[in-house]
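Each chain gets a letter, A, B and so on, in the order the sequences are listed, and its residues count up from 1.
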Protein chains: 2
Amino acid sequence: MALRHAVLAALLDGELSGYQLAKAFDLGVANFWYARPQQLYAELARLEKEGLIAGREVVQETRPNKRLFQVTDAGLEELQGFAAAPTKPSFIRDDLLVKVQAADHVTTTALIAQLSERAAFAQAKVDLFDKLLRTMRGDRTEEEFLHHGSRIGPYLTCQRGLAFEQGNRDWCERTIAALRERQRTRARP
Amino acid sequence: MALRHAVLAALLDGELSGYQLAKAFDLGVANFWYARPQQLYAELARLEKEGLIAGREVVQETRPNKRLFQVTDAGLEELQGFAAAPTKPSFIRDDLLVKVQAADHVTTTALIAQLSERAAFAQAKVDLFDKLLRTMRGDRTEEEFLHHGSRIGPYLTCQRGLAFEQGNRDWCERTIAALRERQRTRARP
DNA sequence: TCTACATACTCATGATTATGACTACTCATA
DNA sequence: TATGAGTAGTCATAATCATGAGTATGTAGA
C-alpha cells in the first residue's frame, strides 16, 4: 500500500483536486510514482474516509465543481510511520529490457524503432525535469537551494527522475548503435 | 502479460529449471525483470500448457528431480510478436522516492539510514553486474564483444542494470549529504 | 545429533493495478 | 454548427502481483 503514501506526499505541496493529482501522476510528471486517474480517485476516497486527508468543495461557475484535498495531522503521522518503516528494494521492470534481452533471437528492425522512440521520450522528460528543477531553485545555485530552501523533497526526487531518464536515453542510444552495427555487418555474410 | 515474455527471454540462454529461474528472478540478478518463485512456477505451467515451452524431467539421485524447460518454436514466435508490438513507457515506482518527497515533513534520521542502506545495496549490485559483464565478454573488449559476440542481449540489459544501480547509489549519497547538511545547520537555530 | 540451509516445488488467498466504458459541462476552432 | 479537447469525475471488472504456508530430501557445520 504505497500509493496512499505517494498521494499523501504529493499533497504536502498544497491542496490539489483529484483531477490535478491525476494529471500529475498520469503524465508521470510526479516522477516518484505513477498511477492512473481511477486509482487516485479511489485512493482519495479511502484516505478521506480514514481521516488522513480532508476535502473541501470548491464551487466553480464555468466548469464542474471540484474538491480540493489536504493532508490532516493524522495523515502526517501516517506518513511519518511510513518513512520510518524499512523500505523494500525496488527493481526495474521494463518491457523494453525484456525485448532487448531477446534481441539475438528476434527481428531487430522493430526493436530499434522502439528504442529510438523511448530515447525521444526520455529526452523529453529530461528537458521537462531540467525545467522543473530550475523553476524550483529560482535564481539560487543548487547548493544554496539545498541548504536553505524550504521543500527540498520534490527537488531531490526530481533529480533522481532526471538522472534516470538520462540513463534511459544514453542506454537506448548505445543499444541502437550496437544493434545497427550488427545488422550492417551481418546483412551480407 | 509481460512476465511470460520475461520468462521466455530468460530461457533463451539455455534450459533452466523452475528453481534456477526463480533464483535468478528473485534475487533480481535477472536485471531486466523481477518476480517471486511462486509466480514463475505458475507461469511455467501456463507456458507449457500453451506449448510455448517444453519441459523434460531430469532424474537426480542426491536431490529431488527437476524439470528443465526450453523455448519451443511457438514460444519464439510469441516472443517475436511481443518484440514487434509497441512498448508502453515504464515509470519509476519506488517507496524510497516517496519518502524523500516527504522529507521536509518527516524525521530525517530514519530516512538517512534507509538511504545509506539502499546505497550499499546498489553498490553490491554494481559490483555484481560489473563482474557479470566481464565474464560475458571474456578477454574481448566491449566493442569487439558487441560486434562479434553471440548473445549480446543479456549483456545490453546488464549494462542498463549497472547504470541504473550506479545512478541509485550516487543519488542516495548526494541526498544523504543534503539532508545531513540541513540537519546540522538547523539543529541549533 | 540437532539445526540450519539448499534443492525443488505446490497450493491458496489477498492486495494491488490496469482497462474500458460512462456522465456532464464548457470552450475554441474549423 | 459539428468536432474535438479540456475539466472533473464515477463504476465495474479483469489481470497481475504479493504473501504465507506447506512438502520432501540431503548436506554441512556447531
Query raised in the report: Out of curiosity, does L128(B) fall in the hydrophobic cluster containing W33(B) (side-chain heavy atoms, cut-off under 4.5 Å, transitive links)?
Result: yes
Query raised in the report: dA18(C), dT7(D), dC9(C): which one has an atom nearest the side-chain heavy atoms of Q39(A)?
Result: dA18(C)
Requested in this report: Look at K23(A) and dG6(D) and indicate whether a side-chain polar atom (N or O) is within less than 4.0 Å of OP1 or OP2.
Outcome: no
Query raised in the report: How many Å lie between CD on Q60(A) and P on dG6(D), as a whole number?
Result: 17 Å
Requested in this report: Calculate the interatomic distance between K66(A) atom NZ and dG9(D) atom P; express it in whole Å.
Outcome: 8 Å
Query - S17(B) side chain near dT7(C) phosphate (N/O to OP1/OP2, under 4.0 Å) - result: no
Query raised in the report: So, for Y155(B) and F145(B), is the gap between ring centers shorter than 6.0 Å?
Result: yes
Report task. Using a strict 4.0 Å threshold on nitrogen-to-oxygen distance, state whether D130(B) and R134(B) make a salt bridge. Result -> yes
Query raised in the report: Can you tell me if the side-chain N/O atoms of Y41(B) get under 4.0 Å from OP1 or OP2 in dT10(C)?
Result: no
Report task. Enumerate the residues from residues 76-99 of chain A whose closest heavy atom to DNA chain D is under 4.0 Å, giving them by residue number; use none for an empty result. Result -> K88(A), R93(A)
Query - Closest to the W33(B) side chain, choosing from dC25(C), dG9(D), dC17(D) - result: dC17(D)
Requested in this report: Tell me yes or no: between the side chains of T87(A) and E117(B), is some donor less than 3.5 Å from an acceptor?
Outcome: no
Query raised in the report: Could you state the CD-P distance from E61(A) to dA8(D), rounded to the nearest angstrom?
Result: 14 Å
Query raised in the report: Atom CD of Q38(A) and atom P of dT17(C): how far apart are they, to the nearest Å?
Result: 14 Å
